[in-house]
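Have a look at the structure below before the remarks.
Since the model is a prediction, treat every value here as computed from it, not as a measurement. To find a chain, count down the sequence lines: A is the first, B the second, and so on, and within it residues start at 1.
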Amino acid sequence: MWREIRDREAGKTRPNSFTNRIKSSRIANLHLSNYKDIVSPHRGSINSLQVDLTEGRYLLSGASDASAACFDVQRASDYEGRGLIAKHKCLFTVDKQHETGHKYAVSSAIWYPVDTGLFITGSYDHYIKVWDTNTSQVVVNFKMPGKVYRTAMSPLATSHMLIAAGTEDVQVRLCDIASGAFAHTLSGHRDGVMTVEWSTSSEFVLITGGCDGAIRFWDIRRAGCFRVLDQSKSQLGRRPPILSCSTTNKVSVSKALSAGQSLSSKPRAQQKKSAGGNGIKQSPLCRTPAKGPVRQRLHPGMLSSQDRATAHYGAVTGLKITEDGMYLLSAGSDSRMRLWDVESGCNTLVNFETVRLQTSKAIQLATTQDASLVFVPCMTAVKAFDLWSGMTFRTFRGHYEYVNCCWFNSQDQEMYTGGNDRQILVWSPSRLIANDMDMQDMGPAEDQDNWSD
Amino acid sequence: METVGDSGKGKVRVLIEKATNSTAAEVDPRLLKAIKSVVRYSDSELRLAAQTLMDHMKRDHSQVRYLTLLIIDQLFMRSKLFRTLLVENLDQLLSLSVGFRRNLPLPAPPAVASVLRSKAIEFLEKWNDSFGIHYRQIRLGFDYLKHTLRFQFPNIQANAARIQQERREREMRSKEILQNKFATLKGNLSSIKEEVQSTLDEIGECLKIVHTEKETIPLGPLDDEDFEEFRSSELRQIRLDSLREGEKIHENSENKVVFDALRELYKLLVTKHLVSVQEWISVLIRVEVSDNRSRDSMLKEFIDMQNRLQTVKKKCIELGYALPDTTKREKNEEEDFWEEGKIESFEHESSNALNKLNDNTSVASTSGEVKNKSPESSKGKANCNQSQSCEHGGADSSSLRSKLLAEAPVINWGTFLNNWGSDQVFLANQRGLELESHWGRVDYDAVIPAEKIAELNIRRTIYEEEQVEIQPCRAPLHKGGLCQRRDLRACPFHGPIIPRDDEGNPINKSTSTSDTILDSDLLEQLAKQAVKNVRDRDTEDAKKRKLDKQSQKRAKLAKIREHNEAVLRDAALASTSNSAFVGEEVMATTGGRSALNKKESLASMLHKKESAKDRLAQRLLNTRTRDATIRQLTLGEDTNYREAFPNQW
């Protein structure tokens with residue numbers, strides 16, 4: 001490690017690669033943290049976890065006992081065991097006792113992506129509520145037609161403030177915080193919608209996975225969905241890297257190249273530019289020249305054969321798009337994970353070695369920032385898979401009942417998992433050596449070998 | 001190098017295998033020690049051990065899991081590496097040892113499984129107490145079992161703390177009491193001292209008086225002279241004793257008052273002052289006060305006081321050594337009086353009885369004195385001159401009384417005792433009420449004859465059932481423990497009640513086999529009896545037939561009979577062989593079972609313990625047995641048929 005730092009100092013390694021190396025080594029060392037306890041105030045299973053996107057500091061959890069709680073993951077509220085264990089108590093909690101709280105299980109609790117002043121909870125009592133964090137009061141209230149399974153807000157959105165809600169109902173509704181009304185109703189699914197996910201490359205693209213096994217792509221500026229993922233339509237392996245692709249056929253993909261590059265380096269900036277007006281032209285999803293005419297023709301009312309395509313046998317229980325917005329991971333109640341190329345809409349046939357997935361509930365997946373690993377709740381354990389090979393990288397065992405959700409905090413390289421056993425566990429890389437020394441100094445010397453004979 | 005490693009690797013695995021393959025409730029300490037010593041010096045061995053132990057925990061047998069868990073605990077408490085290895089899979093370990101997952105219950109022997117569960121919970125608590133802060137997983141597991149599944153943890157540490165707390169409180173309380181006592185003592189120290197001192201003074205004066213009297217008695221110089229004459233030590237002893245006897249002051253009418261006073265004072269001294277002083281000393285020793293000086297001085301005073309009291313007491317005993325003796329005699333006398341009074345009533349009754357006996361027969365004349373005494377005592381009843389009669393009857397009659405008492409039957413009180421042996425007749429119409437012949441003429445001289453009264457007062461006893469301690473069944477239960485049902489002869493669940501040892505095994509193990517043997521014997525006997533019966537009947541028939549057809553074809557009949565008999569013999573042979581076969585079979589099965597019983601193994605623990613019901617069911621429902629029985633029964637019909645139609649077979 002010191003050598004690496006020296007190299008970095010001398011300029012032998014570039015800052016990016018240095019940080020990446022440190023990060024990946026830290027991620028490889030993730031284990032159940034002994035010095036960081038989140039004291040869960042929930043009396044029901046944890047359904048949703050999210051760390052705020054602005055500071056990476058406040059963890060929001062939604063649980064089946066109709067409560068949502070917020071934790072500060074960076075600063076402990078008190079210490080235990082002679083300062084060895086940091087206890088993170090919740091900063092505040094909203095539950096049934098709250099006069100405007102939810103009545104039934106909170107299935108989804110997310111932060112407002114722009115700041116931590118608001119958060120949104122969706123519940124089985126058919127309501128989506130927008131809360132003011134500071135006063136913990138409901139600001140906006142949306143009545144949905146059925147149980148709310150999942151809510152999502154676009155992390156990129158600059159031109160809209162829409163909450164996408166997947167409910168029992170076949171229609172996906174977009175709730176506008178600004179007006180307090182439903183902006184859109186997207187119909188196409190034939191069954192309830194388990195998961196919703198906004199694209200990380202375009203603020204107008206929404207991906208939904210339903211209980212009918214379909215994954216649909218919607219452009220919210222147009223009617224109807226423009227793509228249904230089909231598990232039988234596949235491409236082998238990963239798309240060739242854009243650079244090599246561009247060298248082989250520069251002309252046709254040059255536009256895609258520029259888009260892709262800008263995407264991977266600074267998507268926010270690009271979106272800001274695109275926010276001005278003609279987003280559809282700039283959206284990489286709509287700009288594949290080869291597919292363009294076909295898609296254009298299909299779009300308003302797709303061919304019924306394509307419309308019926310399924311991505312999973314059974315329900316789609318989890319969706320996660322990589323940070324660069326190029327790949328989509330889906331988990332289904334058929335205990336399969338699939339990696340989709342967003343660009344082509346093809347199944348990449350990566351074989352994830354899942355054993356079993358929870359089938360009855362929506363699960364929340366997490367990926368690392370560089371999209372090398374995906375964390376999947378597999379029954380009582382959380383498994384980390386290599387995204388490109390599907391091999392199990394690590395198995396995190398700690399929960400005593402099914403795990404419902406996990407969240408990877410790429411800022412601290414920590415993972416938070418919540419399960420039916422009401423615990424929120426922190427998985428963190430081992431401490432630095434200096435900290436270790438500290439710990440040994442102040443920690444009791446109890447945990448040593450003790451051979452009496 | 002590799003081979004060494006392999007052999008070493010084999011070692012811990014073999015050791016664990018050996019240690020867990022046992023039916024004992026503990027791991028063999030030698031094996032455990034061997035495992036520990038192997039594992040201690042090699043991390044790879046430890047890793048292997050952890051792996052092997054986890055594999056063993058997955059075995060489908062609670063006993064194996066239990067022993068494995070014991071080993072795990074031993075290593076867990078010792079090795080850090082082992083802890084880190086094991087903690088990774090703690091949920092698995094817990095689900096295998098506690099069995100909290102519904103789809104993964106603990107395997108068979110249920111008794112061992114329950115022990116395993118309780119032990120696992122206990123261990124988890126222990127681990128959590130000692131290593132909880134270092135391992136989040138342990139905390140999680142503990143928390144989960146305790147708060148989510150609400151398992152009952154033994155709570156050893158909390159209990160210990162509670163006991164400690166209670167003890168501390170008790171100590172505090174006693175200390176407070178001591179303080180209070182000390183305060184009161186401080187307050188009335190002088191009065192106590194005065195009291196004691198006055199008693200001492202009085203005793204001293206009394207002694208002085210006695211001594212002055214004593215001085216009038218001449219003694220002293222003569223024993224010195226005679227001293228050497230007594231060579232033999234015994235004689236000398238006698239001499240000394242007699243001399244000392246001479247020194248003693250005997251109580252007489254003159255100094256009786258003094259002695260009485262002395263006695264009183266002595267009693268006061270011994271029972272009150274000495275005791276209280278000792279108590280105060282103990283209080284002073286135990287109490288903790290700020291000013292040690294005053295306490296010490298008080299303590300000193302009290303010790304002095306105690307010493308003085310002791311010396312005075314000794315002096316009393318030495319000089320007027322009659323004192324304790326007299327008191328004792330006094331006490332005896334008192335007791336005598338009391339006893340006398342008690343026995344009086346009894347005598348009054350028993351004497352009547354005796355009188356009666358004397359009237360009827362002369363059997364009861366145990367001694368002359370009884371006869372003497374009984375009228376006397378009955379007389380004494382009248383004049384109440386109790387003490388005299390007691391004095392009179394005193395010591396010599398006591399032995400007799402005790403003898404009689406020993407003989408006398410103890411019976412419950414009843415009205416019949418009120419007029420035991422009285423021949424009095426009762427006037428029927430004189431009850432102190434003036435009836436004025438209200439309902440007709442009253443015969444005031446009507447009497448109830450003694451026999452009638454005796455009839456009315458006939459002694460009755462109520463039948464009391466003897467309380468028999470019904471033994472519990474004590475058969476081992478599946479869930480552990482012993483059957484506590486109390487039945488007279490047979491438990492409805494576990495069969496006849498037989499003596500069992502502490503684990504519920506029948507004490508004479510051979511009962512099952514012997515009883516089946518007996519049964520098979522019985523079967524054989526029955527079969528024989530059946531054959532015999534058939535034969536008897538057969539001979540009878542034959543006789544009858546002979547009588548009928550005596551005249552005709554005698555020779556032929558004889559031949560037929562001969563033939564019949566031969567066939568019957570065959571049949572009988574067949575039937576006996578059948579029954580023998582049945583018996584053999586049963587024997588074989590029971591033999592096999594007993595052999596199984598003898599060799600107790602892990603597999604045998606999984607077998608269900610056979611009850612009498614099982615055995616019966618097996619016996620009765622066994623198809624072969626059933627067939628044999630049917631065959632036997634039909635055999636009888638067969639013979640009948642053959643009898644009826646002798647020429648058709």
Point to revise | Portion of A:Arg43 that has a non-hydrogen atom of chain B nearer than 4.5 angstrom | key: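 Neither; nothing under 4.5 Å.
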For B:Gln92, which atoms come within 4.5 Å of any heavy atom of chain A: side chain, backbone, both, or neither?
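Answer is neither: B:Gln92 stays 4.5 Å or more from chain A.
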query = Under a 4.5 Å heavy-atom cut-off, does chain A meet the side chain of B:Leu81, its backbone, both or neither?
reply =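 Only the backbone of B:Leu81 comes within 4.5 Å of chain A.
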Exercise. Between A:Thr417, A:Asn404, A:Thr380, which is the residue that forms a side-chain hydrogen bond (donor to acceptor under 3.5 Å, both in side chains) with A:His399?
Worked result: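 For A:His399, the side-chain hydrogen bond (donor to acceptor under 3.5 Å, both in side chains) check succeeds only for A:Thr417.
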- Message: Quick check on side-chain contact (heavy atoms from CB on, under 4.5 Å): which of A:Val106, A:Val94, A:Asp95 does A:Ser67 satisfy it with?
- Response: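 Filter result, single survivor: A:Asp95.
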- [ ] Give a yes/no verdict on a cation-pi contact between B:Arg83 and B:Phe131, requiring under 6.0 Å between NZ or CZ and the six-membered ring centre and an angle within 45° of the axis.
- [x]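 The answer is yes, since B:Arg83 meets both limits relative to B:Phe131.
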**OP:** Answer yes if the ring centres of B:Tyr144 and B:Phe100 are under 6.0 angstrom apart, and no otherwise.
**Re:**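 Ring-ring flag for B:Tyr144/B:Phe100: true, centres closer than 6.0 Å.
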